[in-house]
Amino acid sequence: MSEEKSLNFIEEIIETDLASGQCQSILTRFPPEPNGYLHIGHAKSICLNFGLAIKYGGKTNLRFDDTNPAKEETEYVDSIKEDVKWLGFNWSNEFYASDYFDQIYNFAVTLIKKGLAYVDDSTPDEIATLKGSPTEPGKNSPFRDRSMEENLSLFAAMKAGTYQDGEKVLRVKIDMAANNMHMRDPIIYRIKHAHHHRTGDQWCIYPMYDFAHGQSDSIENITHSICTLEFIPHRELYDWFIHTLEIFPSKQYEFARLNMTYTVMSKRKLLQLVTEGHVQSWDDPRMPTISGMRRRGYTPESIRNFCERIGIAKRENLIDVSLLEFCVREDLNLKATRVMAVLEPVKLVITNYPEGQTEELMCENGPDESYGHRKVQFSRELWIEQEDFMEEPAKKWFRLAPGALVRLKSAYIIQCNHFLKDAAGNISEIQATYIPESKSGSDTSEIKVKGTIHWVSAQHALQAEIRLYDRLFNAENPSQEEGDFKEYINPDSLQIIPKAFIEPSLLNAEIGNHFQYIRKGYFCLDKESTKEKLVFNRTVSLKDAWAKEVKK
RNA sequence: UGGGUUAUAGUGUAAUGGUAGCACUACAGAUUUUGAUUCUGUCCGUCUAGGUUCGAAUCCUAGUAACCCAACCA
């Protein structure tokens with residue numbers, strides 16, 4: 001029996017609408033402006049809009065809100081489509097606000113004819129001054145009472161290209177004393193002689209957000225137009241246009257956008273990180289962009305799951321990034337192939353293992369038998385992690401130390417007898433003897449050890465560059481700290497290990513594969529990797545109880 | 001100092017007048033050929049003050065706090 005899962009407030013509205021016959025089926029839309037790359041905050045909106053349609057048997061349109069040619073580019077359109085698809089969603093129609101420029105223009109003409117819109121020659125400063133303030137009512141523009149005929153011809157002239165940018169705007173006549181600033185004769189068309197990525201130079205006037213978004217919703221018969229909280233004050237205007245133009249009554253609902261600890265989420269700030277070189281690119285694995293997360297090794301499932309768990313509500317939130325990490329570990333635990341890699345190597349010599357001898361050992365590829373096995377070469381000289389040996393073992397230490405017994409994963413139990421140091425006093429070689437009858441799978445030694453460590457055979461190992469990522473910011477909420485958010489960038493967010501030793505099977509790794517380097521974390525092949533120079537990204541580390549123990 | 005929105009464990013999110021639940025985090029323990037996974041348990045909460053009611057997170061009154069709104073951006 002499945003448990004009754006509680007509904008979020010939007011699902012409640014939808015169920016009410018469906019039950020009352022307010023609508024037969026639902027139609028939502030995801031409406032990005034193609035002026036940047038999608039990030040995890042957009043993923044929340046995507047999962048909501050598409051998820052709702054899937055849950056209630058409706059449909060979702062992908063609509064580009066491309067009404068500002070100065071900022072928008074085809075590159076962004078392409079990346080957005082790729083990211084939505086990668087997340088696992090299919091839109092039923094791909095639309096553009098620019099598809100509707102003719103209709104929107106006609107809506108404006110309708111408003112003029114109704115005496116509800118006028119051409120204003122005021123400067124931006126004059127318009128701002130007359131607008132008043134939240135505590136002071138605004139004043140009417142001197143151009144507010146132009147005749148319908150004059151407005152019609154002026155607006156036609158605006159469209160025809162008679163005027164320069166900024167010379168005139170079209171405003172709607174509502175109420176200059178309204179409490180809601182958005183109702184004080186908002187501008188609905190401005191002149192912009194700019195090349196549009198889709199309509200080219202066909203237009204030199206473009207509708208503003210408030211006169212494009214709701215109209216597009218209505219043209220498409222969107223039933224539930226879901227946006228973020230900052231658009232609440234726009235809703236009154238949204239409804240006013242629909243009512244005044246007598247068009248399909250789409251309804252707007254608002255939810256709280258995603259904020260996450262140790263990251264920034266605004267497109268403006270993310271753009272700055274890229275253009276100022278704090279990160280390499282939009283898809284830098286440290287970026288909270290969908291493309292960055294994909295490159296880092298996140299899976300669509302883990303992101304969708306995260307979006308499911310954070311919930312939908314109207315209060316401001318700051319989600320702990322550890323929830324995201326939990327979600328990706330949970331998914332990768334089931335998907336990642338287990339392999340062995342040594343990031344910070346030290347030589348281990350098995351002194352009683354014959355020189356020149358090698359043997360193939362069977363290693364499990366995953367958490368249970370169903371994942372199968374692979375063969376891994378074992379030999380006298382191995383690489384192990386420096387951190388798995390302690391000259392003077394700490395309390396509760398159960399890895400390698402002088403005299404200590406430990407198991408080499410999938411191989412033998414060994415005992416450390418000796419170690420060498422270089423001139424600088426660093427441990428340069430560890431020597432041990434192995435117990436032949438302790439072989440993994442056929443262990444008759446009856447020896448129990450607490451520790452198991454990973455290794456790679458020195459003569460068989462491949463070298464690879466490994467990139468370890470940490471949080472991009474040191475502050476929990478960089479945007480809310482004093483000063484510029486960039487002051488809180490973590491200088492150690494990227495650590496490159498130029499020469500790690502990895503097991504040979506990794507030569508066949510492909511982009512999109514996920515690996516668990518046993519005891520080290522989840523990794524994936526980076527797009528910069530070549531057969532000559534392998535490059536891996538750490539998606540996320542494993543939980544590390546020992547590291548916590550050490551901190552105490 | 002106008003208008004709008006929101007207040008539930010450390011972080012999120014449920015409970016729709018009737019046992020404050022779930023997840024993450026933190027902590028403790030069991031299992032473990034990954035100090036992973038898995039399993040078990042613990043700590044911790046209704047913004048404040050009044051009121052209505054047999055009973056209030058929920059209803060009423062008065063406060064308080066946070067966020068949003070004065071782009072020819074979306």
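Computation of the quantities below employed the complete heavy-atom set of this structure, encompassing side-chain atoms and omitting hydrogens, waters and symmetry-equivalent molecules. Below, chains carry the letters A, B, ... as their sequence lines are ordered, and counting in each starts from 1.
Checking B:A14 for Watson-Crick or G-U wobble geometry (two distances, each under 3.5 Å) identifies no partner in any strand. Searching all strands for a Watson-Crick or G-U wobble partner of B:U48 with both distances below 3.5 Å returns B:A62. Of all nucleotides present, none satisfies the Watson-Crick or G-U wobble test against B:U34 with each distance under 3.5 Å. Nucleotide B:U19 has no partner under the Watson-Crick or G-U criteria, as no pair reaches both atom distances under 3.5 Å. B:A57 is unpaired under the Watson-Crick or G-U wobble criterion, no partner having all donor-acceptor distances under 3.5 Å. Using Watson-Crick or G-U wobble geometry with both donor-acceptor distances under 3.5 Å, B:A9 finds no partner in any strand shown. Using the Watson-Crick or G-U wobble rule with both distances under 3.5 Å, B:C27 pairs with B:G41.
Following rounding to the nearest Å, A:E236 (CD) and B:U5 (C1') show an atom-to-atom distance of 14 Å. With rounding to whole Å, A:L38 atom CG is found 18 Å from B:A74 atom P. Summarising the geometry, the separation between CZ on A:R257 and C1' on B:U5 is reported as 15 Å, rounded to the nearest angstrom. Atom CZ of A:R63 and atom P of B:A74 are 13 Å apart (whole Å). Atom C1' of nucleotide B:U13 and atom CG of A:L318 are separated by 15 Å, given to the nearest angstrom. Look at NZ on A:K314: it is 13 Å from P on B:U13, rounded to the nearest Å. A:I226 places its CD1 atom 21 Å from the P atom of B:A74, with the value rounded to the nearest Å. Atom pair A:N259:CG and B:U6:P shows a separation of 17 Å (rounding to whole Å applied).
Look at A:R315 and you'll find a side-chain N or O under 4.0 angstrom from OP1 or OP2 of B:U8.
Between A:R519 and A:D388 there is a salt bridge, since at least one side-chain N of the basic residue sits less than 4.0 Å from a carboxylate O of the acidic one. For the pair A:K131 and A:D185, the salt-bridge criterion is not met [side-chain N within less than 4.0 Å of a carboxylate O].
Aromatic rings of A:F523 and A:F515 (six-membered ring for Trp) have centroids beyond the 6.0 Å cut-off, not under it. Side-chain rings of A:Y76 and A:Y37 approach one another, their centers coming within less than 6.0 Å.
A cation-pi arrangement, defined by a distance under 6.0 Å to the six-membered ring centre and an angle within 45 degrees of its axis, is present between A:K168 and A:Y163.
Between B:A9 and B:A15, the distance separating the two P atoms is 16 Å to the nearest Å. Distance check on atom C1': B:U42 versus B:G2 gives 50 Å, rounded to whole Å. For the P atoms, the distance linking B:A14 with B:U6 amounts to 13 Å, nearest Å. A gap of 11 Å separates the C1' atoms of B:G12 and B:U25, to the nearest Å. Distance check on atom C1': B:C72 versus B:C68 gives 22 Å, rounded to whole Å. Comparing B:C43 with B:C22, their P atoms are spaced 13 Å from each other, to the whole Å. Annotation: B:G18 and B:A57 have their P atoms spaced 10 Å apart (nearest Å). Rounded to a whole angstrom, the distance from the C1' atom of B:U8 to that of B:C47 is 10 Å.
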Task: Contact letters for nucleotides 65-73 of chain B, in which S counts primed atoms plus P, OP1 and OP2 and B counts the base, heavy atoms under 4.0 Å - done: --SSSB-BB

Task: Per-nucleotide protein contact string for nucleotides 27-36 of chain B, where B marks a base within reach and S marks sugar-phosphate only (heavy atoms under 4.0 Å, - for neither) - done: SS----BBBS

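Using the six-membered ring where Trp is involved, A:Y434 and A:F378 have ring planes that are tilted, between 30° and 60° apart. Taking the six-membered ring where tryptophan is involved, the planes of A:F155 and A:Y105 are essentially parallel, since the angle between them stays under 30° and well short of 60°.
With sequence neighbours excluded, no residue forms a side-chain hydrogen bond (donor to acceptor under 3.5 Å, both in side chains) with A:T452.
Counting heavy atoms from C-beta on, the side chains of A:R329 and A:K543 come closer than 4.5 Å. Side chains of A:H454 and A:E503 form no contact here, defined as non-hydrogen atoms less than 4.5 Å apart.
Within the 4.0 angstrom heavy-atom criterion, only backbone atoms of the sugar-phosphate kind lie near A:I312; the bases stay farther away.
Nearest-nucleotide assignment on RNA chain B puts the 5′-proximal partner with A:N317, out of A:P31 and A:N317.
Of the residues A:K71, A:K81, A:E72, A:E75, the one that meets the side chain to side chain contact (heavy atoms under 4.5 Å, CB included) test with A:P34 is A:E72.
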